[in-house]
Amino acid sequence: EISACLVGSEMCIRDRVILVQSSYNSSLYKNLLIELNEFTEKMKKKFNLIQKRIKEKAVGLEKITTVKNHVDSLLDKIMHNHYMPVYIRELLLKTWKNVLVIEFLRHPAESKTCQSKVAFVEMIIKYSRPFKDKNITIDDINKLASQYREGLDLVAFNSKDLIDKHKELLSFLIQVHGLKEKIDDSFLGEQHNEVVLYIKNEKDIKVEKYDKNQILDQFLDKAKALKVGSWLEFRSKKTNTFKAKISWISPNTGKYLLVNSNGVRMADKTANEIATGFRNKTCFELKTIPLIDRALIQIAKSMNQKLQA
């Protein structure tokens with residue numbers, strides 16, 4: 001690993017400086033120690049910066065997942081038990097879902113921006129009912145289609161796609177309500193006429209729950225006691241052995257973010273998964289020694305070996 005190689009290289013340089021000395025020189029040793037401390041601090045700052053970026057990325061991904069789940073639940077709730085054309089169902093569950101996710105990531109759920117995008121879902125279901133509604137005018141349809149186009153701007157559609165999707169929705173709604181407006185039939189197909197009843201699917205949300213009868217053994221207690229900064233070693237016949245440090249513990253899911261010595265993400269694991277590793281001896285907690293102490297110990301070992309040679 002890069003950081004380990006750099007530390008090793010620094011120690012080798014100091015080894016050579018010490019070994020060529022014919023007599024004890026206190027100022028030399030003090031200077032070497034100062035240089036080593038400065039190098040250690042530099043490496044710590046670099047590592048902490050990488051750690052910060054990894055943590056920010058993990059927090060961001062978790063936020064996106066939370067918002068996506070919220071949007072899925074919201075769409076299920078609004079669309080449940082409503083008849084709608086397949087075209088509208090796909091429009092909401094694919095295209096408009098992305099618009100909602102972006103807005104909920106950028107703005108509070110109770111903001112006018114988010115609420116207007118939610119209101120669009122309710123309005124388009126109302127406007128696309130498979131029967132004519134005399135109260136809906138061409139102005140109403142134009143307004144809804146324009147809101148649709150504005151939302152699509154958020155999800156990076158190119159100008160041609162924006163125009164085509166806007167025309168498709170406009171043509172569809174004009175046809176549904178039998179308005180005397182010119183439409184482009186080329187956009188309308190089988191999915192625009194096929195009507196389905198939307199029934200929400202109860203998704204299996206994977207939330208780790210402990211069985212009431214589960215015995216909280218010493219391994220689970222040990223896993224739950226781990227802190228940020230703890231080092232673990234994972235061994236397996238199927239994968240290579242690797243060492244990883246707990247860089248962050250999610251306050252929402254309780255998962256541990258594991259990184260290597262360079263700050264690169266290695267895995268995400270729950271306390272239960274780590275406890276299982278402790279139990280079947282595929283995971284071990286490592287006792288760590290501060291970097292400066294490890295460096296000095298290594299120098300001392302190297303000197304002893306060369307003196308005995």
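Side chain of E103 to main chain of L100: no donor-acceptor pair is present (N/O by atom type, distance under 3.5 Å, no hydrogens or angles). Here the side chain of S111 pairs a donor or acceptor atom with the backbone of P108 at under 3.5 angstrom. Remark: the backbone N or O of S247 is not paired with any side-chain donor or acceptor of Y256 at under 3.5 angstrom. Side-chain N or O atoms of S171 include none that pairs as donor or acceptor with a backbone N or O of E168 at under 3.5 Å. In terms of modelled atom types and a separation under 3.5 Å, the side chain of Q115 and the main chain of A109 share a donor-acceptor contact. In this structure a side-chain-to-backbone donor-acceptor pair under 3.5 Å is present from N142 to I138. Between the side chain of N69 and the main chain of T66, no donor-acceptor pair closer than 3.5 Å is present. Without hydrogens or angle criteria, E150 side chain to A145 main chain gives no donor-acceptor distance under 3.5 Å.
Both L105 and V155 sit in one connected hydrophobic cluster of ILVMFWY residues. Membership requires side-chain heavy atoms under 4.5 Å apart, directly or through other members. Neither W248 nor L258 shares a network with the other; the hydrophobic side chains, linked directly or stepwise wherever heavy atoms of I, L, V, M, F, W or Y lie under 4.5 Å apart, form separate groups for each. Note on L93: it clusters hydrophobically with I125, by side-chain heavy-atom contacts below 4.5 Å among ILVMFWY residues. In the hydrophobic clustering of this structure, F219 groups with I249; members are Ile, Leu, Val, Met, Phe, Trp, Tyr whose side-chain heavy atoms approach within less than 4.5 Å, directly or through other members. I246 and L286 fall into different hydrophobic clusters, where Ile, Leu, Val, Met, Phe, Trp and Tyr side chains are chained together by heavy-atom contacts under 4.5 Å.
Of all non-hydrogen atoms in G151 and K117, the two that sit nearest each other are CA-CE, 4.4 Å. Scanning both residues, A223 and A275, for their nearest heavy atoms gives CB-N, 3.9 Å.
Contact annotation: the side chain of R149 never approaches that of K165 to less than 4.5 Å [non-hydrogen atoms, C-beta and beyond]. Counting heavy atoms from C-beta on, the side chains of V118 and F104 come closer than 4.5 Å. Between S230 and K245 the shortest side-chain heavy-atom distance does not fall below 4.5 Å. When side chains are defined from C-beta on, L226 counts as touching L232, because their heavy atoms get closer than 4.5 Å. In this structure, the side chains of D221 and F278 stay at 4.5 Å or more apart for every pair of heavy atoms. Y127 is listed as a side-chain neighbour of M123, based on a closest heavy-atom distance under 4.5 Å.
Cation-pi check for K269 over F234 is met; the charged atom lies under 6.0 angstrom from the ring centroid and within 45 degrees of its normal.
With no hydrogens or angles considered, no side-chain donor-acceptor pair links S73 and D76 at under 3.5 Å.
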>> Quick one, F39 with E35, criterion side-chain contact (heavy atoms from CB on, under 4.5 Å). Give me CA distance, side-chain angles, the key distance, then yes/no.
In response: CA-CA 6 Å; F39 174 76; E35 289 177 7; over 6 Å; no
> Checking side-chain contact (heavy atoms from CB on, under 4.5 Å) for the pair S116/Q147: CA distance, chi angles, key distance, verdict?
Replying inline: CA-CA 9 Å; S116 67; Q147 188 180 356; 4.3 Å; yes
>> Let's go through E233 and F242 carefully: what are the C-alpha distance in whole Å and the side-chain angles of both, what is the deciding distance for side-chain contact (heavy atoms from CB on, under 4.5 Å) to 0.1 Å, and is it a yes or a no?
In response: CA-CA 6 Å; E233 182 174 273; F242 69 92; over 6 Å; no
>> If you apply the rule side-chain contact (heavy atoms from CB on, under 4.5 Å), what do you find for L144 with I141, and how did you get there?
In response: CA-CA 5 Å; L144 190 68; I141 289 173; 5.8 Å; no
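A 6.0 Å sphere centred on CG of N280 holds more than 12 heavy atoms belonging to other residues, nucleotides or ligands. In this structure, K222 places its NZ atom where more than 12 heavy-atom neighbours from other residues, nucleotides or ligands lie under 6.0 Å away.
Between atom CG of residue L33 and atom OG1 of residue T40 there is a gap of 9.0 Å, rounded to the nearest 0.5 Å. Atoms NZ and CG, from K97 and L92 in turn, are 12.0 Å apart once rounded to the nearest 0.5 Å. The distance from the CD atom of E273 to the CG atom of D268 is 9.0 Å, given to the nearest 0.5 Å. Interatomic distance, I78 CD1 to F120 CZ, rounded to the nearest 0.5 Å: 11.5 Å. To the nearest 0.5 Å, atom CD1 of residue I124 and atom OH of residue Y87 are 6.5 Å apart. Between the SG atom in C283 and the CD1 atom in I274 there is a gap of 6.0 Å [rounded to 0.5 Å].
The aromatic rings of W96 and Y148 lie tilted to each other, with the angle between the two planes from 30° to 60°.
Using a 4.0 Å cut-off between charged side-chain N and carboxylate O, K160 and D164 make a salt bridge.
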